[in-house]
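One structure below.
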Number of protein chains: 2
Amino acid sequence: MAKRPVELGEAELAVMRVLWDEGPLTVRDVMTRLHERGRVVAYTTVLTFLTRLEQKGVVASNKRDTAYVYRARITRQSVSASRIRTLVDQLYDGAAAPMLLQLIENERFSLEEIAQLRKLIDDLDSRNES
Amino acid sequence: MAKRPVELGEAELAVMRVLWDEGPLTVRDVMTRLHERGRVVAYTTVLTFLTRLEQKGVVASNKRDTAYVYRARITRQSVSASRIRTLVDQLYDGAAAPMLLQLIENERFSLEEIAQLRKLIDDLDSRNES
DNA sequence: GGTTGCCTACTACCGATGTCGTAGAACAAT
DNA sequence: ATTGTTCTACGACATCGGTAGTAGGCAACC
């Protein structure tokens, strides 16, 4: 656990999102999906991203027919967790609570989400009691 | 409103944190505070940071005696909010709830913090009822 | 009134990231 | 075989952020 925080840039993340959402894809497919999402980049740019991401160990590839097919090797959740941690460290010196409070105050949540949240907090309580 | 999110790097944020925490300071004071926090950088490095931050419009300075005194022009909360928004957009397509749940699950909170959180959620309820 | 010390301005350099172009392999179509 | 398409490999270049050195101004000190 606790692997070093692989830094992913904004464009690299966009590529990861495509892989997370639409499974293993070729370079060309990734490019197409990026275009569909409004991010117009050249084929070789996407290739560069995927190559770099593979070097960072966050995607893997295997050849199918003529082209390589790439897939994510890390989960969206793990990236999310690490980004949150970074944010908390960089803005609140590691104290998650103020960040959490801010998040709740700034973003809008539906009633269902609030209910879900409340349940989660109850779970937290019992976890702490043990 | 909604100025584009001024990008601040990790070291720049460390400088901002010092200014947020300890009010208007000279370059030398900022450097000292950074050293106290374990971030050992040269005087001119701090000067560079402050100059760049001023160019980005996030700090302001005025001369007092011989040296300039710098102060933050944006709040920690505004940076935090914008960072959170970016994160939520980039990882969860703008849905804050999954992110919030993840934050709660991954970070540890004290009983007091949980209580505070619960109170905040009750406030959310009443806000939604209106 | 030269030396010491602090301050700002300017310049530089490196690594990471975003972005492509070109070259060459492999295969398909003519 | 020649032409064309599609891939990968490799290199290039700009920008930004982190880090710092050097130069020149001014005040204080001895």
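Here is how names work: the chains are called A, B, and so on, in the same order as the sequence lines, proteins then strands, and each is numbered from 1.
- Checking D/dT19, C/dA9, C/dG18 against every side-chain atom of B/Leu47, the shortest atom distance belongs to C/dA9.
- Between A/Arg83 and A/Leu13, the closest side-chain pair of non-hydrogen atoms falls below 4.5 Å.
- Computed from coordinates, the B/Lys56 NZ to D/dT15 P distance equals 15 Å when rounded to whole Å.
- Between A/Thr66 and D/dT6 there is no side-chain polar atom (N or O) within less than 4.0 angstrom of OP1 or OP2.
- The nearest whole Å value for the distance from the CE atom in B/Met31 to the C1' atom in D/dA20 is 13 Å.
- In this structure a side-chain-to-backbone donor-acceptor pair under 3.5 Å is missing from B/Arg71 to B/Leu19.
- Each of C/dT19, D/dG21, D/dG17 was ranked by its minimum atom distance to the side chain of B/Thr44; first place goes to D/dG21.
- Atom C1' of nucleotide C/dG18 and atom CD of A/Glu12 are separated by 9 Å, given to the nearest angstrom.
- The residue among A/Thr48 and A/Leu8 whose nearest nucleotide of DNA chain C lies closer to the 5′ end is A/Leu8.
- Salt bridge annotation for B/Lys56-B/Glu12: present, with a cationic side-chain nitrogen under 4.0 angstrom from a carboxylate oxygen.
- Straight-line distance from the NZ atom of B/Lys63 to the P atom of D/dA27: 10 Å, rounded to whole Å.
- Nearest-nucleotide assignment on DNA chain D puts the 5′-proximal partner with A/Tyr68, out of A/Tyr68 and A/Arg52.
- One atom, CD of B/Glu10, and another, P of C/dA16, lie 15 Å apart when rounded to the nearest Å.
- Note on B/Asp89 versus B/Arg85: salt bridge recorded, some NZ/NE/NH1/NH2 to OD/OE distance being below 4.0 Å.
- Counting to the nearest Å, the P atom of D/dA23 and the OH atom of B/Tyr43 are 18 Å from each other.
- Looking at the side chain of A/Val41, the nearest of the listed nucleotides C/dC7, C/dT19, D/dT8 is C/dT19.
- In this structure, B/Phe49 atom CZ and D/dG21 atom C1' are separated by 15 Å, rounded to whole Å.
- To the nearest angstrom, P of D/dG18 lies 13 Å from CG of B/Leu50.
- One finds no salt bridge joining B/Arg118 and B/Asp123 here, because no Lys/Arg side-chain nitrogen approaches an Asp/Glu carboxylate oxygen to under 4.0 Å.
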